[in-house]
Amino acid sequence: MTTRVRFAPSPTGYLHIGSARTALFNYLFARHAGLTDPDSKFLLRIEDTDLARSTEESTRSILDGLEWLGFAPDEEIVFQSDNAEKHRETARKLLTEGKAYRDFTPKEAPSDANIKDAIKERAREQGADKNMRDNPFRDLPRDESDARAAAGEPFAIRLRVAESGKTSFEDQVYGLQERDYSEIEDLVLLRSDGHPLYNLAVVCDDIEMAITHVIRGQDHLTNTHKQILIYEALGVTPPVFAHLPLIMAPNKGKLSKRKHGEVVSMTTYRDAGFLAEAFRNYLALLGWSAGEEQEIYSLDELVAKFSLSGIHRSNAIFNFSPDDPRKWTDDKAQWMNAEYIRTMPLDELLPHVKAELKAAKLWREEYEEDDRAWYERTVDLIRARFFTLKDFSSQGRAYFSEDYDFDSAAIEKNLSKFPDLRVWLPELAERFEAEFGDKPFNETNIELVVRAFTEEKGTKLGVIMNGARTLLTGVAVGPSMLSVFETLGLERSIIRLRSQLAWSQ
RNA sequence: GUCCGGUUCGUCUAGGGGUUAGGACACCGCCCUUUCACGGCGGCAACACGGGUUCAAAUCCCGUACCGGAUACCA
């Protein structure tokens, strides 16, 4: 059977890291299957049946995140709310067949504040003795039920779960899963206002979309048993299930928007200058392993190596320290991004740098034309110590603009301590002007001139070089000064060496 | 409460009867060096606990602890 999987987020927030990984695993699974069956599909369904919480903005944000990661669905996006009528029909069908019943119990007013806690509390009170089949309307005679409904009395439709038995399925990650019917209540299929509920909607849509494998978070494990009951009532063979371990916060608690803010949002990483391929690579290793020591994988390699059997059963922690700006997000993710930036083929990096420079208004069309060679060489030179795309427009700004700031720590470290430099550096500019009238301004020649100059002044090479570094780049960090001089060129080097701007700060 | 799941360095993980328990990130040190990185070399650091099975247990079984998930006319 042709593999068809879906990623089914509910649009109640942005695309967070856990959902992104679920999307990735679904995507990889579909593409892997696609290696032998080109008809395999990765689909997207927006589960927007909770009208109160779903927002268009959220849908937009999720789509943005998926687009950034490169997970385009193979068929049109399904909006679950569009299928509500079909869901209702299915519920009515089950009712007609006697597999579901009307529950006339008045709807409870939703307890406000903390719903989760309220539910937990109620469950605790009910204890282990709770009889899941004690609904007074479960065995209401058909004609009486029909009469009350006809009279306009509101009712919910609940699935009639058998008195005894158990559901079971072979989870591709967690193994055989069984649940006794006594643990499962007669779940509501249709709300008294006619609104289809999650479990019904999911099953109907998965059937309609011909989903063969459901790969989702482990928090759905209990839903799966309920859904299997619905599949059985419908006489449809359930798909294969694979539940994923969860991604937790550093304290092993839930990773949430409210508590952890932007670190969990995919768009944060896009906006922070992460490369999608790097983040994907990082995500793939969170809860999955190919069982080898390789860590850097191209998408093709991930597709080739991905399998459900490599997924772990234990939750993973997304490691970050909100108090430490250097570790605002997982350090392995940061390392991975830096690794990609400095080792990926330059041609692949260039468009990203272009986009970043454009956004920072530092891009010049010449970089695409006459100065292309210079641009490529410069990017290649400075990328070695960058962590994100943002660094090209911040730390790397002086390479692309005459308007850059001087880092106070750099001034302190490389200029203030050596007051002579205020005279020496402009002198070095004079020397450059004199020496490089006809001689090429390249590393070899520059080194000769600077070394001679240094000896004349009776100082150390580092003092001159780092003083110059501060003036020429505004920062204390960067490539070898010989390359910086050469890259910036004679003219710009001279102007910057003469500049007194940094000194007056 | 009940049901389900999990537990290997700080973090991500390999290993699934015999390993000096491996790698990566982070951290620390050394080398390289005009800075900072990169790179190279090295270091620190883990099988939750208790029983069993076995010649042999991180690995299999049972229990305990802890963590997580679920428990709704949310998804």
Side-chain angles (χ1 to χ4, degrees), chain A residues 8-12 47-50 52-54 80 103 105-108 110-111 115-116 118-130 154-158 174-175 177-180 182-185 187-193 195 197-199 201-202 217-223 225 243 245-246 248 250 252-254 282 285-296 312-320 327 330-336 338 342-343 384-387 410 413-414 450 454 460-470 475-482:
Chain A
S10 58
T12 55
E47 312 227 308
D48 56 349
T49 55
D50 186 339
R53 291 196 297 152
S54 299
Q80 190 157 64
D103 179 2
T105 311
K107 184 175 188 276
E108 248 179 81
S111 64
I115 303 176
K116 279 272 186 202
I119 288 163
K120 201 173 171 181
E121 194 44 46
R122 192 204 300 171
R124 203 195 317 280
E125 279 166 19
Q126 288 172 169
D129 324 317
K130 164 72 174 163
F155 58 86
I157 293 181
R158 306 188 91 111
Y174 289 96
Q177 298 292 309
E178 295 184 311
R179 179 95 72 261
D180 199 277
S182 65
E183 303 284 345
I184 307 173
E185 69 170 346
L187 56 141
V188 174
L189 266 16
L190 211 60
R191 246 157 54 172
S192 48
D193 61 4
H195 200 80
L197 252 25
Y198 174 73
N199 283 306
V202 166
Q218 184 239 74
D219 50 336
H220 284 286
L221 223 33
T222 47
N223 279 327
H225 288 94
H243 290 88
L246 272 18
M248 316 302 289
K252 291 184 189 280
K254 214 177 192 133
Y282 165 74
L285 265 21
L286 214 50
W288 173 82
S289 156
E292 59 189 8
E293 288 181 351
Q294 186 176 341
E295 306 254 13
I296 302 291
H312 310 164
R313 278 157 293 273
S314 53
N315 296 341
I317 289 174
F318 185 59
N319 199 22
F320 60 95
K327 302 200 173 179
D330 193 286
D331 44 35
K332 192 148 188 173
Q334 297 199 56
W335 165 80
M336 188 82 73
R342 61 183 173 245
T343 64
R385 56 214 83 203
F386 286 173
F387 278 73
K413 181 184 172 197
N414 296 330
V450 177
T454 303
K460 284 189 283 191
L461 187 63
V463 173
I464 299 296
M465 288 299 198
N466 292 316
R469 180 189 302 286
T470 306
V475 292
V477 179
S480 148
M481 268 314 286
L482 295 174

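Throughout, protein chains are lettered first and strands after them, A, B, ... in sequence-line order, and every chain is numbered starting at 1.
- Annotation: side chain of A/Glu295 is in contact with side chain of A/Lys332 (closest heavy-atom distance under 4.5 Å).
- The gap from the C1' atom of B/rU59 to that of B/rA48 amounts to 16 Å, rounded to the nearest Å.
- Proximity of a side-chain donor or acceptor of A/Glu292 to a complementary backbone N or O of A/Gln294 within less than 3.5 Å is not detected.
- Here B/rC4 is the nucleotide among B/rA75, B/rC4, B/rU71 with the atom lying nearest to any side-chain atom of A/Arg179.
- A straight line from CG of A/Leu197 to P of B/rA72 spans 11 Å, rounded to a whole angstrom.
- The aromatic ring of A/His225 does not stack onto the base of B/rA70, failing the criterion of a centre distance under 5.5 Å from the six-membered base ring together with planes under 30° apart.
- Ring centers of A/His312 and A/Tyr174: at least 6.0 Å apart, outside the cut-off.
- Among the atoms of the strands shown, base atoms are found under 4.0 Å from some heavy atom of A/Leu482.
- B/rA21 is unpaired under the criterion used here, namely a Watson-Crick or G-U wobble arrangement in which both key atom distances are under 3.5 Å.
- Note on A/Thr454: nothing from the nucleic acid sits closer than 4.0 angstrom, heavy atoms only.
- The gap from the C1' atom of B/rC31 to that of B/rC49 amounts to 44 Å, rounded to the nearest Å.
- One N or O on the side chain of A/Arg469 and one on the backbone of A/Pro479 form a donor-acceptor pair closer than 3.5 Å.
- Counting non-hydrogen atoms under 4.0 angstrom, A/Asn223 reaches a base of the nucleic acid.
- Searching all strands for a Watson-Crick or G-U wobble partner of B/rU54 with both distances below 3.5 Å returns nothing.
- Put simply, CE on A/Met481 is 17 Å from P on B/rA37, counting in whole angstrom units.
- By the side-chain contact (heavy atoms from CB on, under 4.5 Å) test, A/Thr454 is found to be paired with A/Val450, A/Thr459, A/Leu461, A/Ile464, residues two or more places apart in sequence or in another chain being considered.
- One interatomic measurement links the two molecules: CH2 of A/Trp335 to C1' of B/rG39, which rounds to 14 Å at whole-angstrom precision.
- Using a 4.0 Å heavy-atom cutoff across all strands shown, A/Glu185 reaches sugar-phosphate atoms only and no base atom.
- Contact annotation for A/Pro479: base contact, defined as any heavy-atom pair under 4.0 Å involving a base atom.
- Remark: A/Arg179 pairs with A/Thr167, A/Glu183, A/Ile184, A/Thr222, A/His225 by the side-chain contact (heavy atoms from CB on, under 4.5 Å) rule, at least two apart or across chains.
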Check nucleotides 5-16 of chain B for protein N or O atoms closer than 3.5 Å to its own N or O atoms and list the pairs.
| unit_1 | atom_1 | unit_2 | atom_2 | d |
| --- | --- | --- | --- | --- |
| B/rU11 | O4' | A/Asn319 | ND2 | 3.3 |
| B/rC12 | OP1 | A/Ile317 | N | 2.7 |
| B/rC12 | O2' | A/Leu285 | O | 3.0 |
| B/rC12 | O2 | A/Lys332 | NZ | 3.3 |
| B/rU13 | OP1 | A/Gly287 | N | 2.4 |
| B/rU13 | OP1 | A/His312 | ND1 | 3.3 |
| B/rU13 | O3' | A/His312 | NE2 | 3.1 |
| B/rA14 | OP1 | A/His312 | NE2 | 3.0 |

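- For A/Lys327 and A/Val463, each mapped to the nucleotide of RNA chain B holding its nearest heavy atom, the one lying further toward the 5' end belongs to A/Lys327.
- The residue A/Thr49 sits close only to the backbone: its heavy atoms come under 4.0 Å of sugar-phosphate atoms, none of a base.
- Residue A/Met248 is in sugar-phosphate contact alone, with no base atom involved, counting any heavy-atom pair closer than 4.0 Å across all strands shown.
- Ranking B/rU35, B/rC73, B/rU34 by closeness to the A/Lys107 side chain, first place goes to B/rC73.
- The separation between A/Ile296 atom CD1 and B/rG23 atom C1' is 13 Å, rounded to whole Å.
- When rounded to the nearest whole Å, the span between CD of A/Gln294 and C1' of B/rC25 equals 16 Å.
- For A/Ser480, the side-chain contact (heavy atoms from CB on, under 4.5 Å) partners are A/Leu482, A/Ser483, not counting sequence neighbours.
- Taking the C1' atoms as reference points, B/rA65 lies 14 Å from B/rG51, given to the whole Å.
- Base-pair partner of B/rC27: B/rG43 (Watson-Crick or G-U wobble, both distances under 3.5 Å).
- Evaluation of atom-type donor-acceptor distances gives a pair under 3.5 Å for the side chain of A/Ser192 against the base of B/rC73.
- Residue contacts shown for A/Pro106 include a base, since a base heavy atom lies under 4.0 Å away.
- Atom-to-atom, CE of A/Met465 to P of B/rU34 comes out at 8 Å; the value is rounded to the nearest Å.
- Taking atom CZ of residue A/Arg191 and atom P of nucleotide B/rC73, one finds them 10 Å apart after rounding to whole Å.
- Applying the ring-ring contact (aromatic ring centres under 6.0 Å, His included) criterion to A/Phe320, with sequence neighbours excluded, gives A/His260, A/Phe318.
- B/rC12 sits 36 Å from B/rU54 when the P atoms are compared, rounded to a whole Å.
- Comparing B/rU64 with B/rU7, their C1' atoms are spaced 13 Å from each other, to the whole Å.
- Annotation for A/His243 and A/Gly217: closest pair CD2-O, 3.3 Å, computed over non-hydrogen atoms.
- Put simply, the side chain of A/Ser10 never gets that close to the backbone of A/Thr12: no donor and acceptor are under 3.5 Å apart.
- If you check every strand for non-hydrogen atoms under 4.0 Å, A/Arg342 touches sugar and phosphate atoms only.
- Every residue two or more places apart in sequence or in another chain was checked for a ring-ring contact (aromatic ring centres under 6.0 Å, His included) with A/His195, and none qualifies.
- Across every strand in view, B/rG5 sits in a pair with B/rC67 that passes the Watson-Crick or G-U test at under 3.5 angstrom.
- If you measure from atom CZ of A/Arg469 to atom C1' of B/rU34, you get 7 Å, rounded to the nearest angstrom.
- The C1' atoms of B/rC61 and B/rC27 are separated by 39 Å, rounded to the nearest whole Å.
- Side-chain atoms of A/Tyr198 lie closest to B/rA75 of the nucleotides B/rA75, B/rG69, B/rU2.
- When heavy atoms are screened at a 4.0 angstrom cut-off, A/Lys413 is found touching the sugar-phosphate backbone but no base atom.
- The separation of B/rA45 from B/rA72, taken at their P atoms, amounts to 48 Å, rounded to a whole angstrom.
- Taking atom P in both B/rA24 and B/rG39, the straight-line distance is 11 Å, to the nearest Å.
- In a base pair of the Watson-Crick type (N1 to N3 plus N6-O4 or O6-N4) or a G-U wobble (N1-O2 and O6-N3), with each distance short of 3.5 Å, B/rU59 is matched with no nucleotide.
- With a cut-off of 3.5 Å on both pairing distances, B/rU35 has no Watson-Crick or G-U wobble partner at all.
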